[in-house]
Number of protein chains: 2
Amino acid sequence: MQRVTIRDVAERAQVSTATVSRALSGAKPVSPAVREQVQRAADELGYAGNGIASALRRSRTDTVGMLVPSIANPFFTGLVEHVEHTLQQAGRQLFLCSSRSDPELEAQRLRSLVARQVDGIIISPVHGSLSTPAVQRAARELPLVQVDRYVSGVDSDWIGVDDDAALDLVMTHLAERGVRSAAFVSSQLTNSSTELRLAGFRRHAARLDVAVPAGHVLLGEYSIEWGRQAAAGLIAAGRLPDAVVCADDLIALGVLQACAAAGVAVPGDVLVTGFDDIPYSALSAPPLTTVHQPQAEIAAEAVRLLSRVLGDEPTAHDRVALRPSLIVRASTGG
Amino acid sequence: MQRVTIRDVAERAQVSTATVSRALSGAKPVSPAVREQVQRAADELGYAGNGIASALRRSRTDTVGMLVPSIANPFFTGLVEHVEHTLQQAGRQLFLCSSRSDPELEAQRLRSLVARQVDGIIISPVHGSLSTPAVQRAARELPLVQVDRYVSGVDSDWIGVDDDAALDLVMTHLAERGVRSAAFVSSQLTNSSTELRLAGFRRHAARLDVAVPAGHVLLGEYSIEWGRQAAAGLIAAGRLPDAVVCADDLIALGVLQACAAAGVAVPGDVLVTGFDDIPYSALSAPPLTTVHQPQAEIAAEAVRLLSRVLGDEPTAHDRVALRPSLIVRASTGG
DNA sequence: GACTCCGATGTAATCGATTGCCCAACCAGG
DNA sequence: CCTGGTTGGGCAATCGATTACATCGGAGTC
């Protein structure tokens, strides 16, 4: 099955390949008669064009690469959906990759995106420091925007929420509910979100006079399973604080599950909060109080920042921190 | 910022571009000394290669395209994760696209994948008939495997679960629990899964003497929101059957939420079942009885079928229906 | 010692579309 | 009828890597 090339179309339409190219792309004026003729020939042959050849010549692909730590996490898929939607309106495509929380895989994917000549990259880096070299190298080759998480020491735009402000909202809310002690469950301190959220947790806990007992900062990974284990550990040790603050909703869902399994009442015995406001956080038992991330805005801003760089103008790089909001549900007493 | 080409490397290593290509790809033997030299030159220059040019010449990209109706649905993201993992082990990459349940967008994405010269396509088509032309055209151009859903009239492999067997499991289980009437909530009858599941529902309901009152087959879309609306409708009309059978877990989660909101007890007043066994189905209140789909196997088989076609051998096309299993949880009485 | 054969390397064609450059035709104004 | 300007369209170079074919030197064989 020989693929149809522009040459075949040209032959059938009795014109040169140059004319075919111009007629189909509309880059330069072509007489209506010829355009019609070319169009017909292309249709009859089922000409699809060769994006690879075109990309090589034009050295652009109209494609943006996006690299996220996990596509099993609804927060990221939500972000991806919005980014894709936004790009589509600009006539661009999205090339999505997952680094599966592995810096090495991430580096490989980045190289691959660069080799594939995507026009730009939107990335949420896996690791605060291990990801740096690969991200830096990629950023030197082409426009790159970081979302949600970021690595230090790379000169690029970033867009996400203000983690400190988010933890302020959470802790203030908990303090108002009478919380005097709290635990924090998160992933290993391997990325900016985790660090900033923990820092915010500590800072605002101290400010509001909420105790953080030793051993009450538990670091694992962003997953339901880890939340379950962490909470099970606290419960088994009989050291449950007034509240468990989680660095994302998956962890919080795991915590809720562990509580249910152990007969610990939420919010009766302990309050629980999440972070991200994924769709499932409203469906848990009890529904989860969480920090809402404005995904649509993050996505739109990421694309905007990227296009700004694409349209050259080497402006100074921005760090945009959006204001988060708190969604209060039953897990903190409604 | 001029990108480094193979020519630059060749010049610096004092060899021809042919030798550089061979040294780096290892396609043909190169003396160790020269290989070393080339490698060093490449490293020093930070040579990354141009995948586009390479793809054009070799007319293969080592990339497989995957097109799913939605990346917000955990069932599909689970599938994608497994496919990506499997491909990665074979040294291939995944190019993921979402058709957002829109046949037109789907056709566009398919064209784009073909133009990008992916080596093969794994697709779960949006619509049973509207998707046909585009899928057919793509299947003529390159290897294509359908997963989960399929369109009629296209000559290609398919891999998924046996929907009839699944509904057999569900309905038999419900009948054993004493269910005498049931409703079915699904998406519009626009794809094979929906059709087969509904058909299975009716068939096994009849067989087991479970009544399906008029107006108790509700068709909307695969989303939490639709499940909520559908259930709210049934409740408001005071026509709640013994059980509500849902065509996927998202719908079922919505149904559970509507029941909770209306004070309808599950499984006390009504039993609810889902389909897919997404991670969140275990976390709902109550946890959901659902049909487990063997995602890893589906993914592995899809990749296997695709590679079979890639390695030419134009065998007859397969339709592989895996056996589903039932996960019984509290929503049907534990 | 002459002849093969083979491995390593270079030369140049090639993949398919785009585009700079140039030419021919046509138009309007003088 | 001539000239300057405009426009449609062809020729061929080009993007960067791969690879068929040619070449060359040296090892092995009788």
Side-chain angles (χ1 to χ4, degrees), chain A residues 1-39 41-42 45-63 111-112 114-119 141-142, chain B residues 1-39 41-42 45-63 111-112 114-119 141-142:
Chain A
M1 62 157 104
Q2 194 54 43
R3 284 177 70 132
V4 183
T5 73
I6 199 174
R7 200 155 261 119
D8 302 323
V9 177
E11 200 169 317
R12 177 173 257 254
Q14 314 258 34
V15 296
S16 72
T17 60
T19 302
V20 174
S21 173
R22 296 196 265 250
L24 294 179
S25 74
K28 281 224 177 173
V30 170
S31 73
V34 174
R35 173 188 309 278
E36 166 82 14
Q37 204 173 353
V38 169
Q39 189 62 58
L45 293 173
Y47 174 65
N50 184 323
I52 297 287
S54 165
L56 175 59
R57 179 62 230 255
R58 299 192 307 145
S59 62
R60 54 176 297 184
T61 50
D62 292 322
T63 298
R111 269 198 302 278
S112 161
V114 171
R116 264 207 183 56
Q117 312 260 84
V118 295
D119 296 340
E141 297 279 344
L142 40 75
Chain B
M1 70 160 93
Q2 191 56 41
R3 284 174 73 130
V4 184
T5 74
I6 200 174
R7 201 156 259 119
D8 303 324
V9 177
E11 199 169 318
R12 176 173 257 254
Q14 314 256 37
V15 295
S16 72
T17 60
T19 302
V20 173
S21 173
R22 294 196 266 251
L24 295 179
S25 74
K28 284 231 179 165
V30 170
S31 74
V34 174
R35 174 188 307 280
E36 166 80 16
Q37 204 173 354
V38 170
Q39 189 62 59
L45 294 172
Y47 174 65
N50 184 322
I52 297 287
S54 166
L56 175 59
R57 180 62 231 253
R58 299 191 307 144
S59 61
R60 54 176 296 183
T61 50
D62 293 320
T63 298
R111 268 197 304 279
S112 161
V114 172
R116 265 206 182 57
Q117 309 261 87
V118 295
D119 296 340
E141 298 278 344
L142 40 74

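To find a chain, count down the sequence lines: A is the first, B the second, and so on, and within it residues start at 1.
Scanning for side-chain hydrogen bond (donor to acceptor under 3.5 Å, both in side chains) contacts around R12(A) gives E44(A), with sequence neighbours left out. With sequence neighbours excluded, no residue satisfies side chain to side chain contact (heavy atoms under 4.5 Å, CB included) with A115(A). Legend: residues meeting side-chain hydrogen bond (donor to acceptor under 3.5 Å, both in side chains) with S21(B), ordered by chain and number and at least two apart, are absent. In this structure S16(B) satisfies the side chain to side chain contact (heavy atoms under 4.5 Å, CB included) test together with A18(B), T19(B), sequence neighbours excluded.
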Can you check each nucleotide of nucleotides 4-11 of chain D against protein heavy atoms at under 4.0 Å and return B for base, S for sugar-phosphate only, - for none, in 5' to 3' order?
-> ----SBBB

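One can place CZ of R60(A) at 19 Å from C1' of dG16(D), the figure rounded to the nearest angstrom. One can place CZ of R3(A) at 13 Å from C1' of dA17(C), the figure rounded to the nearest angstrom. With rounding to whole Å, R116(B) atom CZ is found 15 Å from dA17(C) atom P. If you measure from atom CG of D62(B) to atom P of dA17(D), you get 16 Å, rounded to the nearest angstrom. If you measure from atom CD of E141(A) to atom P of dG16(D), you get 13 Å, rounded to the nearest angstrom. The distance between atom CZ of R57(B) and atom P of dT14(D), rounded to the nearest whole Å, is 19 Å. When rounded to the nearest whole Å, the span between CG of L45(B) and C1' of dG16(D) equals 15 Å. Note: CZ (R7(B)) to C1' (dT11(C)) measures 12 Å, nearest angstrom.
At dT18(C), one or more side-chain N or O atoms of S54(A) fall inside 4.0 Å of OP1 or OP2 (strictly under the cut-off). Using a 4.0 Å cut-off, some side-chain N or O of Y47(B) falls inside it from OP1 or OP2 of dA17(D).
Among the atoms of the strands shown, none is found under 4.0 Å from any heavy atom of G51(A).
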Review item, side-chain donor-acceptor pairs of residues 48-59 of chain A, under 3.5 Å, at least two apart:
| unit_1 | atom_1 | unit_2 | atom_2 | d |
| --- | --- | --- | --- | --- |
| N50(A) | OD1 | I52(A) | N | 2.9 |
| N50(A) | OD1 | A53(A) | N | 3.0 |
| S54(A) | OG | R58(A) | NE | 3.4 |
| R58(A) | NH2 | D62(A) | OD2 | 3.2 |

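Checked against dA17(D), dT19(D), dG16(C), the side chain of L56(A) finds its nearest nucleotide in dG16(C).
For dT18(D), the base has no donor-acceptor partner in the side chain of R58(B) [N/O atoms by modelled type, under 3.5 angstrom].
With rounding to the nearest 0.5 angstrom, the OG1 atom of T63(A) is 3.0 Å from the CZ atom of R116(B).
Counting heavy atoms from C-beta outward, V114(A) and R3(B) have side chains that approach closer than 4.5 Å.
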